[in-house]
Amino acid sequence: MNYWLMKAEENVYPITLFQREKTTYWDGVRNYQARNSMRDDMRKGDLFFFYHSNSKPTGIAGIGRIIKEGYPDHTAFDRKDVHYDPKSLATNPRWYMVDVQYVKSAKRTIPLEVLKQNPKLRDMALFRQAQLSVQPVREAEWKLITGMKDWW
DNA sequence: GCCAACGTTGGC
DNA sequence: GCCAACGTTGGC
(Lines give C-alpha, C1' and ligand atoms only; values in the text may rest on other atoms or scores of the structure.)
Protein backbone atom coordinates (compact mmCIF):
# COMPACT_ATOMS: atom_id res chain seq x y z
CA MET A 1 0.00 0.00 0.00
CA ASN A 2 1.33 3.40 -1.01
CA TYR A 3 0.33 6.81 0.26
CA TRP A 4 0.16 10.03 -1.73
CA LEU A 5 -0.61 13.70 -1.59
CA MET A 6 -2.53 15.29 -4.45
CA LYS A 7 -3.15 18.98 -4.85
CA ALA A 8 -6.27 20.66 -6.15
CA GLU A 9 -6.91 24.38 -6.31
CA GLU A 10 -9.78 25.06 -3.99
CA ASN A 11 -11.44 27.44 -6.43
CA VAL A 12 -11.27 24.80 -9.19
CA TYR A 13 -12.08 21.56 -7.37
CA PRO A 14 -12.88 21.94 -3.65
CA ILE A 15 -13.22 18.90 -1.42
CA THR A 16 -16.90 19.74 -0.92
CA LEU A 17 -17.43 19.01 -4.62
CA PHE A 18 -15.37 15.80 -4.35
CA GLN A 19 -17.63 14.76 -1.46
CA ARG A 20 -20.76 15.39 -3.53
CA GLU A 21 -19.45 13.64 -6.63
CA LYS A 22 -18.01 10.70 -4.60
CA THR A 23 -15.76 9.65 -7.49
CA THR A 24 -13.93 11.56 -10.19
CA TYR A 25 -10.98 11.28 -12.53
CA TRP A 26 -7.84 13.23 -11.67
CA ASP A 27 -7.11 15.00 -14.94
CA GLY A 28 -4.86 17.83 -15.97
CA VAL A 29 -1.55 16.75 -14.43
CA ARG A 30 1.10 18.08 -16.84
CA ASN A 31 4.31 17.41 -14.98
CA TYR A 32 6.42 14.35 -15.82
CA GLN A 33 7.33 13.39 -12.28
CA ALA A 34 3.69 13.56 -11.19
CA ARG A 35 2.70 11.71 -14.38
CA ASN A 36 5.15 8.92 -13.62
CA SER A 37 3.68 8.46 -10.16
CA MET A 38 0.17 8.16 -11.57
CA ARG A 39 1.14 5.97 -14.53
CA ASP A 40 3.61 3.66 -12.81
CA ASP A 41 3.29 3.64 -9.07
CA MET A 42 -0.28 4.23 -7.95
CA ARG A 43 -2.20 1.10 -7.09
CA LYS A 44 -5.86 0.48 -6.64
CA GLY A 45 -6.59 0.94 -2.94
CA ASP A 46 -3.80 3.45 -2.30
CA LEU A 47 -4.87 6.39 -0.15
CA PHE A 48 -4.00 10.05 -0.62
CA PHE A 49 -4.26 13.35 1.17
CA PHE A 50 -6.50 15.75 -0.72
CA TYR A 51 -4.63 19.04 -0.54
CA HIS A 52 -6.10 22.48 -1.13
CA SER A 53 -3.77 24.95 -2.81
CA ASN A 54 -4.67 28.59 -3.43
CA SER A 55 -6.92 28.57 -0.41
CA LYS A 56 -7.09 30.08 3.04
CA PRO A 57 -5.47 28.29 4.58
CA THR A 58 -3.69 25.99 2.15
CA GLY A 59 -3.32 22.48 3.53
CA ILE A 60 -4.71 18.98 3.84
CA ALA A 61 -8.49 19.01 3.47
CA GLY A 62 -9.25 15.31 3.47
CA ILE A 63 -8.53 11.81 2.22
CA GLY A 64 -9.30 9.94 -1.00
CA ARG A 65 -8.64 6.51 -2.45
CA ILE A 66 -7.32 5.38 -5.83
CA ILE A 67 -9.98 3.22 -7.49
CA LYS A 68 -8.57 2.96 -11.02
CA GLU A 69 -4.90 2.82 -11.92
CA GLY A 70 -3.21 5.03 -14.50
CA TYR A 71 -4.77 5.39 -17.95
CA PRO A 72 -4.43 8.05 -20.68
CA ASP A 73 -5.72 11.51 -19.76
CA HIS A 74 -8.26 12.14 -22.50
CA THR A 75 -8.46 15.87 -21.75
CA ALA A 76 -5.03 16.16 -23.43
CA PHE A 77 -6.67 15.08 -26.72
CA ASP A 78 -9.52 17.58 -26.55
CA ARG A 79 -8.79 20.75 -28.47
CA LYS A 80 -11.38 22.63 -26.43
CA ASP A 81 -10.11 21.55 -23.03
CA VAL A 82 -7.89 23.89 -21.00
CA HIS A 83 -5.48 20.99 -20.54
CA TYR A 84 -5.26 20.24 -24.27
CA ASP A 85 -1.76 19.19 -25.35
CA PRO A 86 -1.25 18.74 -29.10
CA LYS A 87 1.86 16.67 -28.39
CA SER A 88 -0.10 13.99 -26.61
CA LEU A 89 -1.48 11.58 -29.21
CA ALA A 90 -4.12 8.94 -28.72
CA THR A 91 -1.66 6.48 -30.26
CA ASN A 92 1.10 7.62 -27.92
CA PRO A 93 -0.38 9.35 -24.88
CA ARG A 94 1.91 11.65 -22.94
CA TRP A 95 -0.34 12.26 -19.91
CA TYR A 96 -2.11 9.88 -17.55
CA MET A 97 -4.77 10.08 -14.91
CA VAL A 98 -6.31 7.90 -12.22
CA ASP A 99 -9.83 7.54 -10.84
CA VAL A 100 -10.35 8.46 -7.23
CA GLN A 101 -13.03 8.09 -4.58
CA TYR A 102 -13.86 10.41 -1.70
CA VAL A 103 -13.12 8.94 1.72
CA LYS A 104 -13.41 11.72 4.28
CA SER A 105 -12.81 15.34 5.11
CA ALA A 106 -10.73 16.81 7.88
CA LYS A 107 -12.77 18.69 10.50
CA ARG A 108 -10.89 21.75 9.33
CA THR A 109 -8.16 22.02 6.72
CA ILE A 110 -4.83 21.18 8.36
CA PRO A 111 -2.79 24.25 7.46
CA LEU A 112 0.57 23.94 5.73
CA GLU A 113 1.95 25.98 8.60
CA VAL A 114 0.95 23.31 11.14
CA LEU A 115 2.61 20.58 9.07
CA LYS A 116 5.75 22.69 8.72
CA GLN A 117 6.01 23.13 12.46
CA ASN A 118 6.22 19.39 13.13
CA PRO A 119 9.88 18.33 13.06
CA LYS A 120 8.87 14.75 12.21
CA LEU A 121 7.38 15.97 8.93
CA ARG A 122 10.40 18.03 7.92
CA ASP A 123 11.37 15.66 5.10
CA MET A 124 7.97 15.60 3.41
CA ALA A 125 8.10 16.01 -0.36
CA LEU A 126 5.61 18.83 0.19
CA PHE A 127 8.39 21.04 1.54
CA ARG A 128 11.25 19.77 -0.58
CA GLN A 129 9.44 20.10 -3.90
CA ALA A 130 6.77 22.65 -3.29
CA GLN A 131 5.50 22.79 -6.86
CA LEU A 132 4.85 19.07 -7.31
CA SER A 133 1.12 18.38 -7.49
CA VAL A 134 1.25 14.58 -7.04
CA GLN A 135 3.79 13.24 -4.58
CA PRO A 136 4.46 10.23 -2.37
CA VAL A 137 3.91 10.32 1.39
CA ARG A 138 5.85 8.01 3.70
CA GLU A 139 3.90 5.60 5.88
CA ALA A 140 5.25 7.25 9.04
CA GLU A 141 4.12 10.65 7.77
CA TRP A 142 0.71 9.28 6.87
CA LYS A 143 0.22 7.73 10.31
CA LEU A 144 1.36 10.85 12.09
CA ILE A 145 -0.97 13.15 10.15
CA THR A 146 -4.01 10.88 10.23
CA GLY A 147 -3.40 10.50 13.96
CA MET A 148 -3.67 14.23 14.65
CA LYS A 149 -6.85 14.00 16.70
CA ASP A 150 -7.73 17.69 16.72
CA TRP A 151 -8.12 17.71 12.97
CA TRP A 152 -10.12 14.58 12.10
C1' DG B 1 -1.37 40.51 -7.60
C1' DC B 2 3.44 39.52 -6.73
C1' DC B 3 7.16 36.76 -7.22
C1' DA B 4 10.38 32.77 -6.13
C1' DA B 5 11.16 28.28 -7.56
C1' DC B 6 11.45 25.35 -11.01
C1' DG B 7 10.16 22.87 -15.35
C1' DT B 8 10.06 23.13 -20.47
C1' DT B 9 11.28 24.83 -24.96
C1' DG B 10 14.07 25.92 -28.61
C1' DG B 11 18.04 28.47 -30.81
C1' DC B 12 22.63 27.84 -31.31
C1' DG C 1 24.46 19.93 -24.66
C1' DC C 2 24.07 24.66 -22.98
C1' DC C 3 21.35 28.11 -21.41
C1' DA C 4 18.20 32.13 -21.99
C1' DA C 5 13.47 32.90 -22.38
C1' DC C 6 9.29 31.70 -21.09
C1' DG C 7 5.39 29.44 -18.63
C1' DT C 8 3.39 27.42 -14.49
C1' DT C 9 2.81 26.51 -9.67
C1' DG C 10 1.53 27.92 -5.46
C1' DG C 11 2.46 30.53 -1.02
C1' DC C 12 1.79 34.82 0.67
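This one's a predicted model, so the numbers in the text were calculated from it and none came from an experiment. The chains referred to below are lettered A, B, ... by the order of the sequence lines, with proteins before strands, and numbering in each begins at 1.
Projected onto DNA chain B by closest heavy-atom contact, K87(A) and A130(A) fall at different nucleotides, the more 5' of which corresponds to A130(A).
End-to-end axis angle of the helix from dG1(B)-dC12(C) to dC12(B)-dG1(C), using five pairs per end and rounding to 10°, comes to 10°.
A cation-pi geometry, defined here as NZ or CZ lying under 6.0 Å from the six-membered ring centre and within 45° of its normal, does not hold between K22(A) and Y102(A). Relative to the six-membered ring of Y71(A), K68(A) meets both conditions, a distance below 6.0 Å and an angle of at most 45° to the axis.
With W95(A) as the fixed residue, the side chain to side chain donor-acceptor pair (under 3.5 Å) test singles out one of D73(A), D85(A), N31(A): D85(A).
Of the N and O atoms on the side chains of W26(A) and D99(A), not one donor lies less than 3.5 Å from an acceptor on the other residue. A donor-acceptor contact closer than 3.5 angstrom is absent between the side chains of Q135(A) and Q33(A). Side-chain contact, E21(A) with Y13(A): a donor N or O sits under 3.5 Å from an acceptor N or O. Looking at Y32(A) and R94(A), their side chains do bring a donor and an acceptor atom within 3.5 Å of each other. Side-chain atoms of R65(A) and T23(A) include no donor-acceptor pair closer than 3.5 Å.
Note on ring orientation: taking the six-membered ring where Trp is involved, the planes of F49(A) and W152(A) are parallel (angle under 30°, cut-offs 30° and 60°).
Residues E141(A) and E139(A) fail the side-chain proximity criterion, which asks for heavy atoms closer than 4.5 Å.
If you check residues 47-56 of chain A against DNA chain C, the residues with a heavy atom closer than 4.0 Å are Y51(A), S53(A), N54(A), listed by number.
Counting 5' to 3', DNA chain C first comes under 4.0 angstrom of a heavy atom of chain A and last does so at the ends given by dT9(C) to dC12(C).
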